[in-house]
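Model, not experiment: these values are computed from the prediction. Ligands are counted one by one from 1 in listed order, and the atoms in each one are counted from 1 as well.
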Amino acid sequence: MTASLHRIVVLATGGTIAGSARSAASSAQYQAATVPVSDLVQAVPALADVARIEAEQVAQVDSKDMSFDLWARLAARVAHWSAAEDVAGIVITHGTDTLEETAMFLHLTQAAPVPVVLTAAMRPSTSLSADGPLNLLDAVRVAANPAARGKGVLVVLNQQIHAARDAAKLHTSAVDAFGSPIAGPLGFIQDACVRFTRTPVGLESPRLPVPETWPMVEIVASYAQPGTVMVDALTSAGAKGIVVAASGNGSIHETLAGALANAAGAGVAVVRSSRTGAGHVAIPARPVPAAGIFVSAGDLNPCKARVLLLLALAADPAQGVDAVRLQATFSAY
Ligand code: ASP
């Protein structure tokens with residue numbers, strides 16, 4: 001290790017990358033979030049050739065249990081370390097299950113002057129052919145690379161670099177579970193070579209503040225013969241926003257659309273995303289909240305659209321009853 005290497009901070013939050021199993025041959029029976037970050041770093045001696053690593057255990061959770069509190073804590077640690085003069089980049093280790101939501105949250109809130117790179121693993125650290133060590137090494141390589149600056153928050157897995165807003169988990173168990181379904185990856189890592197092949201979008205507008213209080217924003221799906229109970233209950237419970245995991249190009253069953261129009265009439269912001277997993281939901285000429293014509297989430301999947309709706313409504317609640325402005329927000333990020 002030489003003093004001329006960049007200083008990279010690894011913030012650990014848990015997940016399968018920090019998981020361990022009784023049997024190395026099984027990836028199904030294991031406990032996520034058990035191995036401390038110091039051990040994860042030690043297990044990859046090649047890191048010492050790439051950067052001076054500083055590791056911090058921010059949390060130790062299975063990412064299925066992600067919370068707003070942990071998001072806020074993570075944002076504070078990113079802000080802290082990115083302001084430190086000699087820190088060249090930040091790597092966050094995370095579980096794969098909700099990585100795309102945390103990535104979206106950081107994409108929308110962080111304007112860090114240094115690269116912020118999330119990574120994870122599909123196989124626990126004790127498994128045969130664990131993917132965590134290479135993913136961690138690649139994430140540090142990207143975080144230390146000057147070409148990663150100004151590209152927003154990044155996601156690195158399986159030798160690919162993704163924009164945080166685009167990355168999504170697309171498979172339950174495959175090592176190549178992550179993709180950017182519409183835009184494709186931003187670049188790739190081959191051995192020590194980090195290469196970007198396109199530039200990310202959604203970085204021009206000012207980042208949104210981390211909320212002090214979070215509005216209630218939930219997701220409902222449209223499918224054959226849906227009930228209206230959930231939408232009605234959310235409206236009575238004081239929900240400020242509902243994202244619809246709509247069918248196809250944002251189509252919503254007429255029964256559900258009626259309940260959603262009532263919700264919109266009561267001041268609930270309604271956003272249409274698609275449950276298909278890829279493609280844009282067409283933006284209506286006029287996003288009148290009626291007859292199934294609600295704000296379009298564009299190419300954001302329902303979980304990512306929810307993160308944007310949470311932050312947008314927390315920053316400016318009046319957008320909830322101004323579909324034109326809310327549509328502009330969805331088009332900006
Ligand atoms: N349940 C794990 C998590 O999200 C899965 C993983 O990391 O692959 O924390």
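- For A33, the closest heavy-atom approach to ligand 1 does not fall below 4.0 Å.
- Between A121 and ligand 1, at least one pair of N/O atoms sits closer than 3.5 Å.
- F68 and W214 have parallel rings, their planes meeting at less than 30° on a 0 to 90° scale where 60° marks the start of perpendicular.
- From the protein, the heavy atom lying nearest to atom 3 (C) of ligand 1 is D62 OD1, 3.2 Å.
- From the protein, the heavy atom lying nearest to atom 4 (O) of ligand 1 is S63 OG, 2.5 Å.
- No hydrogens or angles considered: nothing links the side chains of Q327 and S296 as a donor-acceptor pair under 3.5 Å.
- Using modelled atom types, one finds a donor on one side chain and an acceptor on the other under 3.5 Å when comparing S180 with H162.
- Of all the atoms in ligand 1, the ones that sit under 4.0 Å from a non-hydrogen atom of Y30 are 5 (C).
- When only modelled atom types and interatomic distance are considered, T34 and S20 share a side-chain donor-acceptor pair under 3.5 Å.
- Regarding atom 8 (O) of ligand 1, its nearest protein heavy-atom neighbour is T96 OG1, 2.4 Å.
- Judged by distance alone, the side chains of N135 and Q159 never bring a donor and an acceptor atom under 3.5 Å apart.
- When D131, T16, T98 are ranked by how near their heavy atoms come to atom 2 (C) of ligand 1, first place goes to T16.
- Crowding of D86 atom CG: a count of heavy atoms from other residues, nucleotides or ligands under 6.0 Å exceeding 12.
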